[in-house]
Amino acid sequence: MKFIEQSAEIIATNGGDKPLELIELCARTCYQSQDRITEGSAEKMVNMLVKNGHMAMIEHLVVTMRLITSRGVTHELVRHRMASYAQQSTRYCDSKDMHIIIPSWLQEYDVNSLYERYMTGKLLPPKDLEMYKRIERYFSVLSWIEDGYNKMLESGAKKQEARGVLPNDLATEIIVTANAREWLHILSLREDKAAHPDMQYLASLIRNRLSDYCPVLFEKK
Ligand SMILES: Cc1cc2nc3c(=O)[nH]c(=O)nc-3n(C[C@H](O)[C@H](O)[C@H](O)COP(=O)(O)OP(=O)(O)OC[C@H]3O[C@@H](n4cnc5c(N)ncnc54)[C@H](O)[C@@H]3O)c2cc1C
């Protein structure tokens, strides 16, 4: 078993290195004012569109991201209907070497070395005894699941049958394609404190990648 961090990367856009210019070109079509395109006019135009709520123009920018997160988080993410998805299948891919997303409540620990110590019977109680018990229980359930899953496959179960025992924190890869308006909508809901902490963390990674790509649209205001 291996514990891994969540991650987010942009793998494709239709705006290339000129996302604002693409939106400007689309917006200016409405007024046939393409002749007013100048150096710097795209940024002004996009800021004006957002300020006036003319968000339909923002939809012309499309971004595809590759996310590594947990099954629990993707279960929530795919509720966003204005996006397209491709997700690693637990029916066709096996999870013998189980990869687990480090949950937010364990983020301050070196989870892989804690787990190694747990497996060799050397997990030392940290200062907080309650936390120690929680971590031990978490590891114990996960190693039991991994063992059970592998034994099911060994005994002839199909992957789609054995997957029934897999945990919510199982790592998964998902490709998400959405337009910029929908990404902004997803971020507004998923960065909020009401969202699950793991989802909030993933949303912060998505925000960082998107604002590196197009700060005018995605930098947090
Ligand atoms: C903190 C949090 C807790 C949640 N808890 C639960 C829960 O306990 N149980 C549960 O079932 N879900 C839960 N959800 C999921 C939630 O109900 C939505 O399914 C999810 O957030 C997608 O939001 P959305 O519909 O606005 O966005 P999207 O599906 O991304 O759609 C974007 C926008 O398009 C428009 N739109 C999309 N489809 C339609 C349509 N058919 N008709 C009209 N307009 C449409 C709407 O304006 C919508 O806001 C939770 C979400 C959050 C953020």
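Given the structure is predicted, the values throughout are model-derived calculations rather than measurements. Counting convention: from 1, in listed order, for ligands and their atoms alike.
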| Within the distance-only criterion (no hydrogens, no angle test), does the side chain of Asp192 pair as donor or acceptor with the backbone N or O of Ala195 below 3.5 angstrom? | no
| task | Could you identify which residues cluster with Ile101, counting Ile, Leu, Val, Met, Phe, Trp and Tyr as linked when any side-chain heavy atoms lie under 4.5 Å apart, either directly or through a chain of such contacts? | result | Ile4, Ile68
| request: Specify whether Tyr138 and Trp105 have parallel, tilted or perpendicular ring planes, treating 30° as the upper limit for parallel and 60° as the lower limit for perpendicular. | output: perpendicular
| Around ligand 1, what residues show up once you keep those with a heavy atom under 4.0 Å from it? | Arg79, His80, Arg81, Met82, Glu182, His185, Leu189, Arg190, Ala194, Ala195
Distance-only donor-acceptor pairs under 3.5 Å for side chains of residues 210-220, two or more places apart:
unit_1 : atom_1 : unit_2 : atom_2 : d
Ser211 : OG     : Arg207 : O      : 2.6
Tyr213 : OH     : Thr13  : OG1    : 3.1
Tyr213 : OH     : Gly16  : O      : 2.7

| Partner residues of Lys133 under the salt bridge (charged side-chain N to carboxylate O under 4.0 Å, His left out) criterion, sequence neighbours left out | Glu130
| Okay, side chain of Tyr149, backbone of Lys96: is any donor-acceptor separation there less than 3.5 Å? | no
